Amino acid sequence: MPAAASAALAGRRVLELADESGVYCGKLLADMGADVVKIERPGGDATRDIPPFLGDRPGEDRSLFFLYMNTSKRGLTLDIAAREGRHLFERLAATADLVVETFAPGTLDGLGLSYRALAKANPGLVLTSITGFGQTGPHRDFKSSDLVAEALAGSMTVTGEAEDPPVALAGSQAHVIASTCAAASSLIALHRSRVSGAGQHVDISALETMTAVTHICGVGKWLDDGIIPRRNGTSLFASVPSGAYRCSDGLVYLTVNRPLHWKALAQWIHETTGNEEVLDPMFEGPSSKRLPYRELLDVFVSDMTSQLSVDHAYREGQRRHIAFTPVSTATAVTRDAHLAARGYFARVEHPVAGPLRMPGAPYRHAATPWRIARPAPRVGEHNAEIYGGELGVSEATLRAYARDGIV
Amino acid sequence: VTAMQEDAGRRTAQALEDLRVVEFTAGMAGPWIGRFMAHCGAEVIKVESRKHPSVVRLYVPPRAPEQGTQPQLSPWFTDWDAGKKFVALDLAHPDAVELAKRLVARADVVVENNSTGVMDKLGLGYEQLRAAKPDLVYFSSCGYGDTGPDRSFVTWGPNIETLSGLSALSGFPQRECTITQYAYPDTISALHGLVAVMCALEHRARSGEGQYVNLSQFEATLAGIGHLMLEPLANGREPRKLANRSLHQAPHGCYRCRGDDRWCAIAVSGEAEWERFCEVLGRPGWARDPRFATLAARLENADALDARVEEWTAGRAAEEVMAELQAAGIAAGVVQNVEDQYERDPQLAARHFFEEIEHLAKGTVVATGIPLGLTGTPGRTGRAGAAMGQDNEFVFGELLGLTPEEIRAYVEAGAIETVESAGP
């Protein structure tokens, strides 16, 4: 069946002009079957230089970030600022359903490639712009980065230990979130375009997408309880008990929210440590009932976990329907038996980088499965195929473009 | 032609106005998908049961704990379930399951995030519902996915954060576990879920075929750190813990500013920016100092560099640091808290990011913006999350066409749960 299965986004063409803030958007669409054409500047994009590298040897096809973020895409080089380059882009855009771009606001307008101009030739086109601050507002021209977006979005002030400086999440999550929202929004706009015939400009701001993500301890909570959330270690403010607890050989994480989960935990603590007090009915109910006793309950939990290994706390805790999980390293995750049983990791053969194992499907569609159609493209890998084969540019002209630095 | 077009035929300019969604959800990872779709004009009907309230319904107002549990007042429920319609059914009752199936027969999408197996047991699994609606898109989300040895494990957002490796990868090197206060896996999973649902709808629009989609929150979170996972997968080693630093930019960090817990993030990119940065700080000599003259040297001497940068920031307000650096074209941003965002961020204010919306019990509340940026079909947030069963009459009466007598009979039989009996 998988061989015959179709792809969800088959037939959709996407042009990607994206730096590190937007490449994940293209990956999400490409791995679901869209024909994502990655347009790099002649010589290749700067994202090819993002460390670390495969085997620590730099090279345009060796950035782990680039190799992961560009699966299933085809690759072109093009200088869209040059006159002929702009014309080629216009011809490509006339064949596309979606353009994803991460230039500073106004850049495409300055080249005569605004949404309005592109839509004139292709009314159903969706143009998705991903920036740090959005296309409008007093800060639209400000510079951003993943770290800056996480700071402004309220993520850093609530992450980490109270006595440490604020800290960002690993792996540029503000960019991942902006890209994921951009993919969702682009598909919503394409859904509308199919119904109405009209595309639109999608304006994604990393400040806004990441602020929305921090909502659990965001403005709504503060306006309700008057408490400005700050860094709180590993425990969650509304879940009692919750946090990372020390076992004999590492840390285990525990979250208790529901009354039944508390009862199961209290019983297990009692069985393991002989603690009688933990069974007191005054601790029973939702987390809000236990808020005043957080520190005491942390001691009760630690008394038990310190006698257990991480694996035992995890497996036996889960057998009792209590939300225990290991605090895993990335290395441990690559060896996880559950992921292995699900065949989670994908295999990709790259002509330069060789065979690679990569994280697999973020979701599983029964009829149109996620798949990696091809490895990340090499610089200009599909120039001849697309310019020559699809746009009908002659070999001689293409050679001239290459000589002039247009492709 | 979708179910909503058949039913209503009304024309407003909302991107998903032609869709109806039925939710069997709790917490955030499921409900947030419907929140986005409702914002875009989909009619989203949330089915709840009094015996199994969402954890966010178990809300005791911290300023008035004597009121006890107030299922309608949670600021989370208010927001994640805004714009939806609420029906209450006792799904242990066979008539209630039949009513749920009739609803699904008039819908395009089902979203659920119950533990693996719960929906099948209720008679509301994909195979059971596709009989009622052959081209149904059925989206299901759970911690570990619906197959594999650990598929029934219990998790909450922060559990997935530690399970996926994110909490060991994040934070300062001396810390073993650094997690967010906002259950990040819930949101990253919901956003991937929205992508997944829209992909399935795209396939349906082209082929006429619906399908079952399952999301493992563990795997969706891993997808977002996939580039970091390539270090162990391809290089055979654990990624370096960078905290606020970068492998290819310096200075790159979070610097203490004047005042209590005030900080500014700064990310300097490239040599031209570095030279401008030194000018702004009044230290042009740093650009020629061999310890800082090249990127490699700055990365090598990051501790010394950061200490010097902090000498400059420590005497200034975080807002001044941001303004001065941005004026020179350098990425800088205040480490904002909620008060900063709501009262002092000119960008969020100018873009009307926070929305005031109607709340049946509170009058109005402030909702966080839905950041989809659809300039042609901007969407809007409807009424805040309401009581269980709030819209029974509309949904069962108008939509399913039951008479008041029929509805009363279902209530008396215990299949439909009324808003009155469901509490405030």
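Nothing here was measured: the structure is a model prediction, and the numbers come from that model. Numbers restart at 1 for each chain; the letters A, B, ... are given by sequence-line order, proteins then strands.
Within the 4.5 angstrom heavy-atom criterion, atoms from both the backbone and the side chain of Ala330(A) approach chain B. Within the 4.5 angstrom heavy-atom criterion, atoms from both the backbone and the side chain of Leu236(A) approach chain B. Residue Met358(A) touches chain B through both its backbone and its side chain, counting heavy-atom pairs closer than 4.5 Å. For chain B, the nearby part of Asp336(A) is the side chain; its heavy atoms alone come within less than 4.5 Å. For Leu325(B), no part sits under 4.5 Å from any heavy atom of chain A, backbone or side chain. Within the 4.5 angstrom heavy-atom criterion, only side-chain atoms of Ser167(B), from C-beta onward, approach chain A. Looking at Asp345(B), the atoms closer than 4.5 Å to chain A (heavy atoms on both sides) all sit in the side chain, from C-beta outward. At a 4.5 Å heavy-atom cutoff, the contact between Glu161(A) and chain B is made by side-chain atoms alone. In this structure, chain B has a heavy atom under 4.5 Å from the side chain of Arg231(A), while its backbone stays farther away. With a 4.5 angstrom heavy-atom cutoff, Glu231(B) touches chain A via backbone and side-chain atoms both. Residue contact with chain A, scored on non-hydrogen atoms closer than 4.5 Å, involves the side chain of Tyr59(B) exclusively. Both the backbone and the side chain of Leu64(A) have a heavy atom closer than 4.5 Å to some heavy atom of chain B. Looking at Asn337(B), the atoms closer than 4.5 Å to chain A (heavy atoms on both sides) sit in the backbone and in the side chain alike. Residue Cys40(B) touches chain A through its side chain alone, counting heavy-atom pairs closer than 4.5 Å. Contact of Pro239(B) with chain A is made through the side chain alone, with heavy-atom distances under 4.5 Å. Heavy atoms closer than 4.5 Å to chain B are found in both the backbone and the side chain of Pro52(A). Using a 4.5 Å cut-off between heavy atoms, Arg357(A) touches chain B through backbone and side chain atoms alike. With a threshold of 4.5 angstrom between heavy atoms, Phe142(A) approaches chain B through its backbone and through its side chain. For chain B, the nearby parts of Ser155(A) are the backbone and the side chain; heavy atoms of each come within less than 4.5 Å. Ser288(A) touches chain B through its side chain: at least one heavy atom from C-beta onward sits under 4.5 Å away, while N, CA, C and O do not. With a 4.5 Å cut-off on non-hydrogen atoms, Leu9(A) touches chain B through its backbone and its side chain both. Only the side chain of Gln326(B) comes within contact range of chain A, judged by heavy atoms closer than 4.5 Å. When heavy atoms are compared at a cutoff of 4.5 Å, Ser164(B) approaches chain A solely by way of its backbone atoms N, CA, C and O. For a residue to count as touching a neighbouring chain, one of its non-hydrogen atoms must lie under 4.5 Å from one of that chain's; by this rule Ile370(B) does not touch chain A. For Val176(A), the part sitting under 4.5 Å from any heavy atom of chain B is the side chain, from C-beta outward, and nothing else.
Taking the six-membered ring where tryptophan is involved, the planes of Tyr314(A) and Tyr144(B) are essentially parallel, since the angle between them stays under 30° and well short of 60°. Between Tyr126(B) and Tyr212(B), the two ring planes are tilted [angle within 30° to 60°].
Gln181(B) and Thr159(A) share no side-chain donor-acceptor pair at under 3.5 Å. Counted by atom type alone, Thr180(B) and Glu161(B) present one or more donor-acceptor pairs between their side chains at under 3.5 Å. A donor atom on one side chain and an acceptor atom on the other are found under 3.5 Å apart for Asp18(B) and His191(A).
We find that Glu208(A) and Arg351(B) are joined by a salt bridge, their nearest charged nitrogen and carboxylate oxygen being less than 4.0 Å apart. Taking the charged nitrogens against the carboxylate oxygens, Asp164(A) and Arg175(B) do have a contact shorter than 4.0 Å, which makes a salt bridge. Using a 4.0 Å cut-off between charged nitrogen and carboxylate oxygen, Asp224(A) and Lys362(B) count as a salt-bridge pair. A salt bridge links Asp56(A) with Arg237(B); the closest basic N to acidic carboxylate O contact falls under 4.0 Å. Salt bridge Glu219(B)/Arg342(A): present, at least one basic N to carboxylate O contact under 4.0 Å.
Residues Pro371(B) and Ile204(A) have side chains not in contact (no heavy-atom distance under 4.5 Å, counting atoms from C-beta outward). Within the 4.5 Å cutoff, the side chain of Ile160(B) has no heavy atoms near those of the Thr325(A) side chain. By the 4.5 Å heavy-atom criterion applied to side chains, Thr187(B) and His215(A) are not counted as neighbours. A 4.5 Å side-chain heavy-atom check between His201(A) and Gln135(A) finds at least one atom pair inside the cut-off. The shortest distance between side-chain heavy atoms of Met229(B) and Leu222(B) falls below 4.5 Å. For the pair Gln318(A)/His321(A), no side-chain contact is recorded, criterion being any heavy-atom separation below 4.5 Å from C-beta on.
For the pair Lys221(A) and Tyr182(B), the cation-pi criterion (under 6.0 Å, within 45° of the ring axis) is not fulfilled.
Most heavy-atom pairs under 4.5 Å with chain A: of the set Arg63(B), Met37(B), Arg151(B), this distinction falls to Arg63(B). Ranked by heavy-atom pairs under 4.5 Å with chain B, the first of Ser239(A), Ser287(A), Gly134(A), Ala183(A) is Gly134(A). Most heavy-atom pairs under 4.5 Å with chain A: of the set Leu215(B), Val197(B), Thr178(B), Thr375(B), this distinction falls to Thr375(B). Residue with the most contacts toward chain B among Ala341(A), Pro138(A), Ala244(A), Pro286(A): Pro138(A) (heavy-atom pairs, distance under 4.5 Å). Of the listed residues (Thr136(A), Leu254(A), Ile322(A), Leu223(A)), the one with the most heavy-atom contacts under 4.5 Å to chain B is Thr136(A). Heavy-atom pairs under 4.5 Å with chain B peak, among Leu29(A), Leu28(A), Thr255(A), at Thr255(A). When each of Trp80(B), Phe36(B), Phe354(B), Phe139(B) is scored by its heavy-atom pairs under 4.5 Å with chain A, the top score falls to Trp80(B). Per-residue counts of heavy-atom pairs under 4.5 Å with chain A were compared for Ala350(B), Ala332(B), Pro62(B); the largest is that of Ala332(B). Taking chain B as the reference chain and counting heavy-atom pairs below 4.5 Å, the highest number among Asp49(A), Val333(A), Val252(A), Leu356(A) is found for Val333(A). Of all the listed residues (Trp32(B), Tyr255(B), Tyr138(B), Phe172(B)), the one sharing the greatest number of non-hydrogen pairs under 4.5 Å with chain A is Phe172(B). Interface check for chain A: of the options Glu238(B), His248(B), Glu339(B), the most heavy-atom pairs under 4.5 Å are formed by Glu238(B). For the set Thr157(A), Val327(A), Val213(A), the count of heavy-atom pairs under 4.5 angstrom toward chain B peaks at Val213(A).
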Fill in: salt bridge (charged side-chain N to carboxylate O under 4.0 Å, His left out) evaluation trace for Glu202(B) with Arg12(A)
CA-CA 10 Å; Glu202(B) 169 79 10; Arg12(A) 290 294 199 182; 2.6 Å; yes
Fill in: From CA spacing to verdict: side chain to side chain donor-acceptor pair (under 3.5 Å), Gln341(B), Thr211(A)
CA-CA 9 Å; Gln341(B) 292 188 310; Thr211(A) 298; 3.2 Å; yes
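Checked against the 6.0 Å centroid criterion, the rings of Tyr24(A) and His192(B) qualify as a close aromatic pair.
Between the side chain of Asn235(B) and the main chain of Phe53(A), a donor-acceptor pair closer than 3.5 Å is present.
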